[in-house]
Amino acid sequence: MELRLYDTFSREKRSFAPLDRNNVRMYVCGPTVYDFAHIGNARPVIVFDVLFRLLRHLYGEDHVTYVRNITDVDDKINDRAARDYPGLPLNQAIRKVTELTEQQFHDDVDALGCLRPTVEPRATEHIAEMRAIIEKLVAGGFAYVAENHVLFSPAAMNAANAVLPRYGALANRSLDEMIAGARVDVAPYKRDATDFVLWKPSKPGEPSWPSPAGIQVEGRPGWHIECSAMSWKHLGETFDIHGGGIDLVFPHHENELAQSCCAFHAPRMANIWMHNGFLQVEGEKMSKSLGNFVTIRDVLADWPGEVVRLNMLKTHYRSPIDWTLKGLEESAKALDDWYRAAGDVRDGRPADAVIESLCDDLNTPQMIATLHGLRSQAASGHEEDRATLAGSLRLLGFLSESAAQWDTRKQQASGVDAAQVDGLIAARAAARARKDFKESDRIRDELVAMGVVLKDGKGPDGKPVTTWEIAR
Ligand code: AMP
Ligand code: ZN
């Protein structure tokens, strides 16, 4: 089956052909670890987890390397460390903040049903690679030293040989426009307004390392060089897929690409660049000042991780997504339904139609429509559709629980006592048997008030049975 992915660089859907079928290589920019991740941060994590699962399905589990970095050197981390641990030396405080936040991030994304990437490199463990790339860039004439900073020169890149891509090609901007549009208060040591920092001197107390390029004072890396170094170390000079949120296209990915291509004299850093659209909450941009800032942790307090995961996949990854309570309720209903149909089915291969949808630039809305179709066919007695539904859901990171566990969790979350409900249902059946419909209706209303929905049906023996579930 042909996998086609939309490439931001060429602005078209392209047929995916790995550089090495035995080792398909993907890099996704990961979190800066200083605070709980918000629900927008969960989007690239879930989207690229689905792609990781699809690649493993197509090329084999041992033939895909997925690298997602952890940015553990950043001003926001330093500020948080100083605020939260004023009594500790800054470096120790920073370690506390990054270790705690990394643990929280892992707990959150595990709960969302995401596989751990093959490698999760930390920036601070790749300083040697960063220095090596910076040395190459200075030697090649792409970077220069000024006032103990090392700066990258996009103008030098564009003046160089034809192998290199043009600076601005990824974001589809021209360097002249960028120069013209640059702010006037540019740092005085920059030759051009568009030059960006590869390395800078550390302030007293900040994390610092010996500097490259003959600089005598200690310093620390700029943000963009971190990803060039970590992807090089774990995936090589050129790899297959580079991903992240749409906000990273410029300047972060444009600069990563510039650094890597110039350091390695390569026409490409990644063959395909993929970017997820932004998430907003109830129709508004998420922000702390608007009071609609939602962490993954907040959402997981109210909803199972699989509901959050499905809700994210209902929208195609490149479109903006509006995160709403209504959407979550609908996703929860769909999962209840799927668990009832397929939760206890052990084996089953994923449906071809599901794989086909995913191979069309991760068309998850179409894939979800297929799952609903399988569910209806299973309901009308097509047993093999039940197995296909189960196999498809498992491939996608759903059905991590049994149907009974799923129901129990739902009941616990609702605060409803299952034994009490069963007792009331038995009392209602007895009332109906003696034709006391006033009493049976009263019990039904009592159950409705508890949030329990009754479903009267027939058992295999043709006798009436009543099942129940929690209304969301
Ligand atoms: P950050 O920690 O801000 O660098 O973000 C980590 C990842 O989350 C990056 O891939 C961002 O592009 C992505 N991201 C941040 N905010 C949102 C949002 N509101 N919607 C979708 N993706 C986001
Ligand atoms: Zn990055």
Side-chain angles (χ1 to χ4, degrees), residues 8 26-49 51 66-77 79-80 97-98 101-102 104-105 108-109 112 114 117 119-123 126 129-130 133 170-171 196 198 221-235 239 241-260 269-270 273-288 290 292-296 298-299 308 311-313 315-324:
T8 308
M26 171 163 82
Y27 186 93
V28 174
C29 296
T32 304
V33 282
Y34 66 98
D35 203 350
F36 282 108
H38 59 67
I39 189 67
N41 301 135
R43 192 168 191 196
V45 176
I46 293 172
V47 163
F48 290 103
D49 178 68
L51 180 56
Y66 172 21
V67 178
R68 185 182 62 212
N69 71 290
I70 287 172
T71 296
D72 60 352
V73 34
D74 185 274
D75 284 338
K76 290 192 278 276
I77 300 175
D79 295 348
R80 181 58 63 110
V97 169
T98 57
T101 313
E102 190 181 327
Q104 289 163 347
F105 178 74
D108 287 348
V109 301
L112 296 175
C114 296
V119 193
E120 286 189 278
R122 292 170 138 250
H126 295 75
E129 288 78 6
M130 297 180 208
I133 295 179
L170 177 69
F196 62 88
L198 300 174
W223 171 34
H224 316 303
I225 196 72
E226 298 177 9
C227 288
S228 286
M230 288 183 271
S231 59
W232 175 40
K233 170 81 183 282
H234 299 282
L235 299 176
F239 48 93
I241 299 170
H242 192 127
I246 189 87
D247 57 320
L248 298 185
V249 174
F250 194 86
H252 184 53
H253 287 168
E254 190 76 58
N255 291 354
E256 277 186 36
L257 181 157
Q259 295 160 166
S260 295
M269 178 184 191
W273 290 82
M274 292 177 67
H275 295 97
N276 65 267
F278 247 46
L279 174 149
Q280 54 172 17
V281 172
E282 304 284 354
E284 287 190 273
K285 185 175 187 294
M286 187 166 43
S287 86
K288 287 208 166 123
L290 283 173
N292 66 349
F293 187 90
V294 191
T295 64
I296 302 175
D298 295 333
V299 183
V308 179
N311 205 47
M312 202 67 90
L313 297 176
T315 306
H316 186 256
Y317 78 94
R318 282 193 284 124
S319 304
I321 188 170
D322 190 21
W323 194 258
T324 63

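Ligands are counted one by one from 1 in listed order, and the atoms in each one are counted from 1 as well. Side chains are part of it too, since the values below use all heavy atoms of this structure and drop only hydrogens, waters and symmetry mates. Positions are given from 1, in the same order as the sequence printed here.
Note: angle at the Zn ion (ligand 2), from NE2 of His252 to SG of Cys227, is 110° (rounded to 10 degrees).
Between the Zn ion (ligand 2) and the N, O or S atoms of Glu256, the shortest distance is to OE2.
Proximity annotation for atom 3 (O) of ligand 1: of Leu279, Thr71, Asn41, Asn41 comes nearest, heavy atoms only. Of all the listed residues (Gly245, Pro320, Gly277, Pro44), Pro44 holds the heavy atom that lies closest to atom 7 (C) of ligand 1.
In this structure, CG in Asn69 is found 9.5 Å from NE2 in His126, a value given to the nearest 0.5 Å. Atom CZ of Arg68 is separated from atom CD of Glu120 by 5.0 Å, given to the nearest 0.5 angstrom. The distance from atom CD1 of Ile241 to atom CE of Met274, rounded to the nearest 0.5 Å, is 6.0 Å.
No side-chain heavy atom of Tyr317 sits less than 4.5 Å from a side-chain heavy atom of Met312. The shortest distance between side-chain heavy atoms of Phe105 and Ile70 does not fall below 4.5 Å.
Between Trp223 and ligand 1, no N or O atom pair is found at a separation short of 3.5 Å.
Shown here for Met269 and Ser231, the closest heavy-atom pair between the two residues is CE-OG, 3.4 Å. When every heavy atom of Phe293 is checked against every heavy atom of Asp298, the shortest pair comes out as O-OD2, 4.2 Å. Pairing each heavy atom of Leu112 with each of Ala42, the nearest pair is CD1-CB, 3.9 Å. Shortest non-hydrogen contact noted between Ala123 and Glu226 is CB-OE1, 3.5 Å.
The distance from ligand 1 to the heavy atoms of Asn276 drops below 4.0 Å at these ligand atoms: 21 (C), 22 (N).
With respect to atom 11 (C) of ligand 1, the closest heavy atom belonging to the protein is Asp247 OD1, 3.5 Å. What sits closest to atom 22 (N) of ligand 1 on the protein, heavy atoms only, is Gly40 O, 3.1 Å. Nearest protein heavy-atom contact of atom 9 (C) of ligand 1 is Leu248 CD1, 3.8 Å. For atom 4 (O) of ligand 1, the closest heavy atom belonging to the protein is Thr32 OG1, 4.5 Å.
Residue Cys29 counts as close to the Zn ion (ligand 2), with an N, O or S atom under 2.8 Å. The Zn ion (ligand 2) does not have His253 among its coordinating residues (no N/O/S atom, backbone or side chain, under 2.8 Å).
Assignment of His38 to the shell around ligand 1 is supported, since a heavy atom sits closer than 4.0 Å.
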